[in-house]
Amino acid sequence: MTRPIDGQTVDTDRGADREALRRALVGSGSLRPEWLAAFDAVRRDAFLPDVMWPHDMDTGRSRTVDRTRDPHAWQKYADSNCPIVTQWDDGAHRGTEPGRSFSSSSSMPGLVFSMLADLDVGEGHRVLEIGTGTGWNAGLLAHRVGPAGSVVTVDVDGAVASAGREALRRAGLAARVLHRDGFLGFPERAPYDRVIATCGLRTIPFAWVEQAAPGGVILVPWGTYYGPEEATARLVVAEDGRSASGPFTQAVGFMRMRAQRLVRRQHAAYVPPRAMDRADTSFTTLQAEDVAGFVMGLLVRDATHVADRERDGRRAVWLYGLSDTSWAVAVFREGCEEAKVHQAGPRRLWDEVEAAHEWWRAEGRPGFGRFGLTVVEGGRTAIWLDEPDRVL
Ligand SMILES: C[S@@+](CC[C@H](N)C(=O)[O-])C[C@H]1O[C@@H](n2cnc3c(N)ncnc32)[C@H](O)[C@@H]1O
């Protein structure tokens with residue numbers, strides 16, 4: 001297909017790529033029939049900047065794609081199922097090379113539509129989105145809720161909010177874009193039938209529960225400080241409005257809400273020189289994989305897990321307490337069935353991990369889908385297994 005892009009005439013093949021993406025998303029089940037009209041009407045490319053950084057999930061690398069230099073590549077990425085970074089380092093980064101850490105993006109279309117399916121949005125709904133980003137998701141929502149509904153979307157970054165607002169205006173989609181901290185929600189337009197966060201949280205604000213209608217749905221990518229793994233919590237607001245509860249529905253990976261990013265622990269503050277000599281020692285038969293991941297983070301609270309890179313067949317896995325300076329390390333050696341453990345401080349973090357793993361095995365090794373979360377007044381969060389009454 002031939003069409004002009006920014007004054008140049010190029011063969012974009014856009015229709016075929018978009019069609020292939022549509023088919024793939026329908027085939028995978030993420031793009032549901034009720035979202036097809038929005039997919040067709042609200043094009044992702046209308047929300048992407050000229051210079052963008054598609055992100056390769058396998059290598060963890062991003063590459064620069066400049067629409068004015070390579071319109072083919074730009075269009076191909078815009079029509080592909082890949083996440084695209086649109087801002088680095090909270091906007092401090094200059095130039096076209098990738099920056100240090102991404103701070104805004106257009107999420108993978110497959111993830112966007114599977115979350116929208118989870119959200120179960122209908123015509124006439126009032127929706128609050130936290131994390132405007134490019135504005136594409138807000139545009140899809142605005143199309144879906146129609147003139148009888150409304151969409152408010154907020155972003156903590158002023159430049160990102162302005163660009164999203166402008167893209168929505170150009171596309172003729174009615175969504176109100178605000179530059180503010182999404183943790184506060186936006187009470188002025190409450191109650192909302194649906195609240196969706198498109199950044200990851202560690203603590204869900206009770207303000208969102210207060211601003212949602214009874215029976216309303218709150219969909220949040222959520223994780224602990226144990227590690228980077230996350231899953232979406234799909235919470236339904238209780239009829240009395242005093243809590244919201246629901247299961248984890250899918251494993252996801254989002255950039256964190258700004259104030260809730262993982263902070264790298266200062267190793268030396270936990271393990272001063274010669275601390276290893278004074279620590280308790282033992283051996284474990286657990287493997288490094290046994291103590292990593294989302295579910296372990298649900299079971300071992302207030303701790304962070306850091307796995308060193310393997311070097312010469314040796315790999316250390318560290319645990320650091322978040323409320324004190326407790327620490328533990330297990331050193332795994334290739335071919336060895338047991339790993340040596342050192343631990344010190346008020347907590348015995350390795351013993352906690354062993355106990356958590358034992359409990360998890362006895363429960364039949366539940367995956368994240370058997371767990372759920374309840375937020376109650378004051379913002380306290382309870383994690384449960386199978387039923388909201390079975391709080392961990
Ligand atoms: C993955 S992007 C959102 C993608 C977006 N929904 C789209 O359709 O392109 C995450 C966004 O969350 C925003 N964010 C981070 N912390 C926030 C906060 N406290 N309140 C509101 N937005 C926040 C970031 O600035 C970023 O733009």
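Counting starts at 1 for both ligands and their atoms, following the listed order. Computed from a predicted structure; not experimentally measured. Count residues from 1 along the sequence.
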At less than 4.0 angstrom from any non-hydrogen atom of Val154, what atoms of ligand 1 do you find?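 Those qualifying, in numeric order: 21 (C), 22 (N).
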
Is the contact between [X] and ligand 1 made by the side chain, the backbone, both, or neither, using heavy atoms and a 4.0 Å cut-off?
X	value
Thr134	both
Ser105	both
Glu129	side chain
Thr132	backbone
Ser103	backbone

Polar contacts were defined as any N/O atom of the residue lying under 3.5 Å from an N/O atom of the ligand; does this apply to Ser107 and ligand 1? no

Main-chain N/O of Asp120 paired with Arg194 side-chain donor or acceptor, under 3.5 Å: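 Yes, Arg194 side chain to Asp120 backbone: donor-acceptor pair under 3.5 Å.
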
Qualifying residue for salt bridge (charged side-chain N to carboxylate O under 4.0 Å, His left out) with Asp280, from Arg348, Lys340, Arg347: Arg348

Protein residue, atom and distance nearest to [atom], heavy-atom basis:
atom	result
atom 25 (O) of ligand 1	Asp155 OD1, 2.7 Å
atom 10 (C) of ligand 1	Thr198 O, 3.4 Å
atom 16 (N) of ligand 1	Arg258 N, 3.0 Å
atom 20 (N) of ligand 1	Gly182 N, 2.7 Å
atom 12 (O) of ligand 1	Gly131 CA, 3.5 Å

Quick check: do Met296 and His305 have side-chain heavy atoms less than 4.5 Å from each other?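 Heavy-atom side-chain distance check fails, nothing below 4.5 Å.
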
Between Val156, Val160, Asp181, flag the one that comes closest to atom 23 (C) of ligand 1 by a heavy atom. Val156

Could you check which of Asp157, Leu184, Asn137, Ile84 puts a non-hydrogen atom nearest to atom 8 (O) of ligand 1?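 Among Asp157, Leu184, Asn137, Ile84, the closest heavy atom to atom 8 (O) of ligand 1 comes from Asn137.
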
Atom CZ of Arg61: over 12 foreign heavy atoms under 6.0 Å: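 No, because the 6.0 Å sphere around CZ of Arg61 holds 12 heavy atoms or fewer from other groups.
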
Does the separation of the ring centres of Phe248 and Phe368 fall below 6.0 angstrom? no

Aromatic ring proximity Trp136/Phe113, centre distance under 6.0 Å: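 Yes, the ring centres sit under 6.0 Å apart.
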
Kindly indicate whether a cation-pi arrangement holds for Arg18 with Phe39, taking the cut-offs as under 6.0 Å to the six-membered ring centre and within 45° of the axis. yes

Could you check whether Gln75 and Asp45, counting side-chain N and O atoms only, form a donor-acceptor pair closer than 3.5 Å? yes

Is Asp386 paired with Arg370 through a side-chain N to carboxylate O contact shorter than 4.0 Å? yes

